[in-house]
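A quick write-up on the structure given underneath.
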Protein chains: 2
Amino acid sequence: MSGNWRPPSSTDVARAAGVSQSAVSRAFTPGARIAEATRARILEAAEALGYRPNLLPKILQTNRSGIVAVVVGGFYNPYFAMTLEAFSKALTAAGRQMMLVRVDSDRILDGVVDQLAGYRVDAVVSALALTSQAAADQLSKLRIPIVTLNSDLAGDWIRSVSSDNFAAGVAAARLLRERGGTRFGFVAGPADSPAQVAREAGFAHGLAELGMASAMRAGGGYDYASGARAARDLFSGGERPDALFCANDLAAFGVIDVLREDFGLGAPGEVLLVGYDNLDMAAWAPYRLTSFDQDIQAHVAAAMELLDLEAGATCVARVVPSRLVERESTLRS
Amino acid sequence: MSGNWRPPSSTDVARAAGVSQSAVSRAFTPGARIAEATRARILEAAEALGYRPNLLPKILQTNRSGIVAVVVGGFYNPYFAMTLEAFSKALTAAGRQMMLVRVDSDRILDGVVDQLAGYRVDAVVSALALTSQAAADQLSKLRIPIVTLNSDLAGDWIRSVSSDNFAAGVAAARLLRERGGTRFGFVAGPADSPAQVAREAGFAHGLAELGMASAMRAGGGYDYASGARAARDLFSGGERPDALFCANDLAAFGVIDVLREDFGLGAPGEVLLVGYDNLDMAAWAPYRLTSFDQDIQAHVAAAMELLDLEAGATCVARVVPSRLVERESTLRS
DNA sequence: CGAATGTGTGCATAGCTATTCACTCGCCAT
DNA sequence: ATGGCGAGTGAATAGCTATGCACACATTCG
């Protein structure tokens, strides 16, 4: 109604209850020294006025906002949604708020850092597949802690949580060999993703250990279309692989659909397949995909711990093991 | 390093540059009266100190934080991820920040409203399937505008954006009839979702208009498992439907997989199917599901408009038409 | 009964920025 | 020459809360 309305302040409540502003503050501060009768009167007045304590002055003094910024690159992959959900739960449980920041590629530099600093966010979690070292350096200079997921940034205020991508790659090679694979293929993710690089390196290492020829290679993205393209590339040539490790589940689904539709190769069946992320869909009937479960709970728990490390001198890195969940995609028909 | 470090303030910069605090403020305020030479000297000093203007004092005075809270119930449905992504883009483009709040059921009351009010969020967007009227009333009393998506809350500061769920239900009935359906079934979402209720009502209305018998009914959730259960229920009895309208795509996928696996009913084929949301997956080979596209861009654009309506006296509601995307699930084999 | 302890309350202040007001110059026009 | 004007700058202030300090009063103990 009125043009310049202003939410009630503690002073307004104090006036209404006939006490001082400090009394109001104490009424809302657990453990503060205040008579129960006074407290009741104040709460009543506050309720009537619709008063809620303004958090900003406290933040202004302490420079601790209780806000954690989570930076993501997009949501096309359900894995991000799962991570976001887990983070949201954990932050809420810790009494903190999540500020969600979405960036296209590395345009993060243009003002986003300024914004985050301006709001005095307590820390930044980067769930970006690719993260800009420049942005990280800026945040470091501002002494804002950063926790990266599956990334390989380094710096004073940077901590990281990763899957043991390399070990999983090795395990994938062993499993596929054990199940009877002889001609191996790797469906790659984007080249600038450290997770992709480590998974591929691990797979190559595992194959070498087993004395197998190195894998054929296709793909180059974490999305469905990229997997579909990779499958066409791999199976259009003369020498077809019979065992595939895919950089993630989403790409694996693209592979499976193309194999079935375009090449009549029913999976499970003629081609062995392993993915990564263990999405809900991996258990669905058309896929039944063997996959590495990233144990998001553990990732998030580790990240939450690292958030509050104030020292920040040494670069802390945590590695969370992935758990292999085997389904029919690694069974011969 | 030092225990109580404090980020540089405008006063620190002023001291370093040999000017007053107000000059520093003006150097960072576009269009402020300041000599170019002075400005340059200040920016240099600010850069050296790593100064970023603190946004909190301004918020403290204006009570406008630039933060919009987005409330969601979970991310299990990729549709939420798509909505979130679109909102994030729109808010960033408008120079605002997103605070993401996740609530289990209606525990939103327990402190979340207090938090949001405390941070002085400019508005709340509720993407919750089910939303608590009590929470909405609290926010209204605080004069915080709310925009709900596909909900039916009402109140002074509440605006809503919805799909034309009823019309889509009618359209689904007509399409299924046109394609040859004779025995209809409805796979329901959760009973407390207004969207579910409207879709079902529209479907029933459409069938009645066509002079068909009312639909068999099963399900009761928006998730995959609920759809799977519904399919078993519907096809275990004697009279099997041959045309299904599913409350959303996720449930439809569950239906399709069960029909194929448990009953050998290939879809597309013997059973006609229509879903809702037009997820990416609806286009994938195992599904090729006819679905209603909610036009998220339009939803978000409408919501962004409604956010800044300051008047708030009348309850504004926008309806966004859904677009039918037909695929093979509505073709007879 | 005096001192000491404890309880409850008010006063004053820090924290940082944008903005208004006032002031000083230099310059132009009358 | 002098009033007026515009540009550039500094001082002061509002905005709200938590908290340290001081004070008043009640209670208990020696």
Side-chain angles (χ1 to χ4, degrees), chain A residues 4-43 45-46 49-66 114-122 142, chain B residues 4-43 45-46 49-66 114-122 142:
Chain A
N4 44 3
W5 183 82
R6 155 184 87 70
S9 70
S10 57
T11 310
D12 297 330
V13 178
R15 200 166 12 238
V19 294
S20 72
Q21 179 267 329
S22 23
V24 177
S25 175
R26 280 189 266 260
F28 283 90
T29 307
R33 277 202 338 204
I34 187 169
E36 200 47 55
T38 315
R39 176 194 210 85
R41 201 167 71 245
I42 291 174
L43 290 183
L49 268 65
Y51 168 75
R52 313 283 160 138
N54 189 341
L55 299 177
L56 299 172
K58 181 105 183 255
I59 302 174
L60 193 53
Q61 288 188 329
T62 61
N63 288 307
R64 308 221 77 229
S65 61
D114 294 4
Q115 289 272 320
L116 298 182
Y119 284 109
R120 296 289 186 263
V121 297
D122 292 345
L142 299 170
Chain B
N4 45 4
W5 183 82
R6 152 184 90 69
S9 71
S10 58
T11 310
D12 297 331
V13 177
R15 201 167 9 240
V19 294
S20 73
Q21 180 268 328
S22 20
V24 177
S25 175
R26 279 189 269 259
F28 282 90
T29 307
R33 274 199 343 202
I34 187 169
E36 199 47 55
T38 316
R39 176 194 210 86
R41 200 167 71 246
I42 292 174
L43 290 184
L49 268 66
Y51 168 75
R52 312 283 159 137
N54 188 341
L55 298 176
L56 300 172
K58 181 102 182 260
I59 302 174
L60 191 53
Q61 287 189 328
T62 61
N63 286 309
R64 310 221 76 231
S65 61
D114 295 4
Q115 290 271 320
L116 297 182
Y119 284 110
R120 295 289 187 265
V121 298
D122 293 344
L142 299 171

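The structure presented is a predicted model; accordingly, all values stated were derived computationally and were not measured.
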Respond yes when some side-chain nitrogen or oxygen of A:Y51 is under 4.0 Å from OP1 or OP2 of D:dT17, and no when none is.
yes
Under 4.0 angstrom between A:S25 side-chain N/O and D:dC16 OP1 or OP2
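It does not, given that no N or O in the side chain of A:S25 lies less than 4.0 Å from OP1 or OP2 of D:dC16.
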Would the distance check show the side chain of A:S10 and the main-chain N or O of A:S25 forming a donor-acceptor pair, the cut-off being under 3.5 Å?
no
Judged by atom type as modelled, is there a donor-acceptor pair below 3.5 Å linking the side chain of A:Y119 to the main-chain atoms of B:S65?
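The answer is yes, because a donor-acceptor pair under 3.5 Å joins these two groups.
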So what does A:S22 hit on the nucleic acid, given a heavy-atom distance under 4.0 Å: a base, only sugar-phosphate, or nothing?
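Base contact.
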What nucleic acid atoms does A:V24 come within less than 4.0 Å of, heavy atoms only: base, sugar-phosphate, or nothing?
nothing
A side-chain contact here means heavy atoms from C-beta on lying under 4.5 Å apart; do B:I34 and B:I42 qualify?
yes
With a 4.5 Å cut-off on side-chain heavy atoms, are A:R26 and A:T38 touching?
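The answer is no; the side chains never approach within 4.5 Å.
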Would you mind telling me which of [options] lies closest to the side-chain atoms of [X]?
X: A:Q21; options: C:dG10, D:dT19, C:dT17; value: D:dT19
X: A:S20; options: D:dT17, D:dT9, C:dC11; value: C:dC11
X: B:A35; options: C:dG8, C:dG10, D:dT9; value: D:dT9

hbond_proxy [X] side chain to [N] base (donor-acceptor, 3.5 Å cutoff):
X: B:R33; N: D:dG6; answer: no
X: A:Q61; N: C:dA14; answer: yes
X: A:R39; N: C:dG8; answer: no

Nearest-nucleotide check on DNA chain C, B:L60 vs B:T29; residue mapping nearer the 5' end is B:L60
Taking the nucleotide of DNA chain C with the closest heavy atom to each, which residue, A:R26 or B:K58, is nearer the 5' end?
A:R26
